[in-house]
Amino acid sequence: MLRPAPLRLGSLVVDPPLLLAPMAGITDRDFRLIVRRIGGVGMVGMEFLPAKALVNGDRRTQQLLHFVDEERPLSMQIYGADPDTLGAAARQVAALGPDAVDVNMGCPANQVLKGCAGAALMGDLDNARRIVAAVRREVRVPLTVKFRLGLDERRMNYVELGRICEGEGADGVVLHARTARQMFRGEAAWEHIARLKQALTIPVVGNGDVRTPEDAARLLRETGCDAVMIGRGATRNPWIFRQTAALLGCGA
């Protein structure tokens with residue numbers, strides 16, 4: 001396939017269009033630096049940050065905030081259920097100078113869902129809208145929102161949420177092509193990434209079941225998405241970004 005165009009999120013250019021997903025307990029500074037030094041990654045994601053803990057000055061959460069310029073471009077992801085708290089957390093995170101801020105509306109972990117955060121927000125789109133608007137007001141850097149297909153197969157509202165994000169000023173969205181109920185079981189349904197790409201004018205990043213460089217190339221080709229985000233595949237093979245960039249003709 002032809003060399004993919006860089007991902008453009010507002011004023012930020014991500015080249016190659018390959019992103020390391022934020023993963024709790026995994027994408028700490030050491031892992032981000034390993035991936036960055038191997039090469040091929042366009043942007044790395046910090047471990048996702050609980051907004052309430054950030055605002056309350058939780059020491060353990062504060063320790064997660066440290067990063068170095070070598071990691072750039074870097075995205076910080078926050079999550080929570082209250083728009084005011086998310087807005088305050090976004091203001092705090094933005095002051096640290098990340099290259100992008102992301103709002104998590106896709107985490108399916110029970111402890112996150114119980115707090116009406118993460119993927120639970122797909123069951124309350126009015127609150128999701130308020131959260132995106134609140135965060136947008138506080139950050140000048142590019143803003144993205146990561147979500148899933150929906151809570152389950154009967155409630156797949158990802159297109160509606162994508163349009164809400166676009167309408168509230170998000171610069172891009174990331175779609176993990178599974179429902180919350182699926183967790184990480186079964187196969188990611190990439191055809192929905194293609195549908196979302198057709199429905200929106202802002203960039204769409206595809207995520208889910210990218211285990212090899214060939215998977216990444218196929219995801220780009222089959223869906224027309226603007227970039228690929230890799231999570232678990234990078235934990236098994238931190239060289240996957242370098243290998244994928246070489247396969248796509250982006251260099252390493």
Side-chain angles (χ1 to χ4, degrees), residues 6-80 85-107 109 112 117-118 135-136 138-146 170-174 203 205 207 227-235 237-242 244-245 250 252:
L7 170 65
R8 297 183 181 275
L9 298 171
S11 60
L12 177 64
V13 178
V14 180
D15 190 20
L18 304 172
L19 286 65
L20 172 63
M23 293 177 283
I26 297 175
T27 53
D28 58 13
R29 185 185 62 175
D30 290 342
F31 187 78
R32 297 191 305 264
L33 281 171
I34 287 171
V35 172
R36 179 62 74 189
R37 290 171 180 175
I38 290 173
V41 66
M43 185 162 67
V44 298
M46 186 177 283
E47 296 180 67
F48 57 87
L49 306 162
K52 186 175 182 179
L54 274 174
V55 173
N56 290 339
D58 177 73
R59 181 181 300 178
R60 185 175 181 182
T61 303
Q62 295 289 329
Q63 292 173 345
L64 299 176
L65 297 174
H66 184 66
F67 67 93
V68 295
D69 283 342
E70 184 183 350
E71 298 177 53
R72 295 185 183 277
L74 172 140
S75 175
M76 288 185 170
Q77 186 187 76
I78 56 178
Y79 74 91
T85 304
L86 265 292
R91 182 166 60 251
Q92 184 176 340
V93 162
L96 300 174
D99 300 283
V101 171
D102 184 73
V103 178
N104 183 316
M105 295 190 181
C107 181
V112 175
V135 174
R136 178 74 283 176
E138 299 294 343
V139 300
R140 295 179 178 271
V141 297
L143 170 64
T144 59
V145 183
K146 187 173 189 286
D171 297 286
V173 296
V174 184
V205 179
N207 176 229
V228 173
M229 178 174 281
I230 305 174
R232 292 174 299 156
T235 66
N237 174 21
W239 289 267
I240 191 170
F241 296 99
R242 182 183 184 96
T244 302
C250 301

What residues form a side-chain contact (heavy atoms from CB on, under 4.5 Å) with [X], not counting sequence neighbours?
X    : value
P142 : L9, L12, A100, D171
A53  : P50, D58, T61
A24  : F48

* Structure fact -> Contacts of R72 meeting salt bridge (charged side-chain N to carboxylate O under 4.0 Å, His left out) (sequence neighbours excluded), chain-then-number -> D69, D99

Hey, does [Y] have a side-chain heavy atom less than 4.5 Å from the side chain of [X]?
X    : Y    : value
F241 : V35  : yes
V174 : V145 : no
Q77  : V103 : no
M46  : T27  : no

Sequence-distant partners of [X], side chain to side chain donor-acceptor pair (under 3.5 Å), two or more places apart:
X   : value
E71 : R32
D28 : none
N56 : none
S75 : none

* To do: Show the numbers, then the answer: is there a side-chain contact (heavy atoms from CB on, under 4.5 Å) between I78 and L86?
  => CA-CA 7 Å; I78 56 178; L86 265 292; 3.7 Å; yes

Straight-line distance of [X] [atom1] to [Y] [atom2], nearest 0.5 Å:
X    : Y   : atom1 : atom2 : result
I240 : L18 : CD1   : CG    : 9.0 Å
T144 : L7  : OG1   : CG    : 9.5 Å
M105 : Y79 : CE    : OH    : 14.0 Å
W239 : I34 : CH2   : CD1   : 8.5 Å
R29  : L64 : CZ    : CG    : 12.0 Å

Locate the shortest heavy-atom distance separating [X] from [Y]; write the atom from each residue and the value.
X    : Y    : value
T235 : R232 : OG1-O, 2.6 Å
P16  : G40  : CG-O, 3.5 Å
P238 : F31  : CG-CE1, 4.5 Å

* Run the numbers on V205 and V228 for side-chain contact (heavy atoms from CB on, under 4.5 Å), then give the verdict. => CA-CA 5 Å; V205 179; V228 173; 5.8 Å; no

* Is R8 atom CZ crowded by more than 12 heavy atoms from other residues, nucleotides or ligands, each under 6.0 Å away? -> no

* Selection residues 35-52 - residue pairs positive for salt bridge (Lys or Arg N to Asp or Glu O under 4.0 Å), sequence neighbours left out -> R37-E70

* What pairs meet the salt bridge (Lys or Arg N to Asp or Glu O under 4.0 Å) rule with one or both residues in residues 12-27, with sequence neighbours excluded? -> R3-D15

Side chains of residues 87-95: which donor-acceptor pairs under 3.5 Å do they make with residues two or more places apart or in other chains?
unit_1: R91; atom_1: NH1; unit_2: E138; atom_2: OE1; d: 3.2
unit_1: R91; atom_1: NH1; unit_2: E138; atom_2: OE2; d: 3.0
unit_1: Q92; atom_1: NE2; unit_2: L54; atom_2: O; d: 3.4

* side-chain contact (heavy atoms from CB on, under 4.5 Å) between V68 and L33, intermediate numbers included -> CA-CA 9 Å; V68 295; L33 281 171; 4.0 Å; yes

* Side chain of N207, backbone of M229: donor and acceptor closer than 3.5 Å? -> yes

* To do: Run the numbers on V41 and L19 for side-chain contact (heavy atoms from CB on, under 4.5 Å), then give the verdict.
  => CA-CA 6 Å; V41 66; L19 286 65; 5.9 Å; no

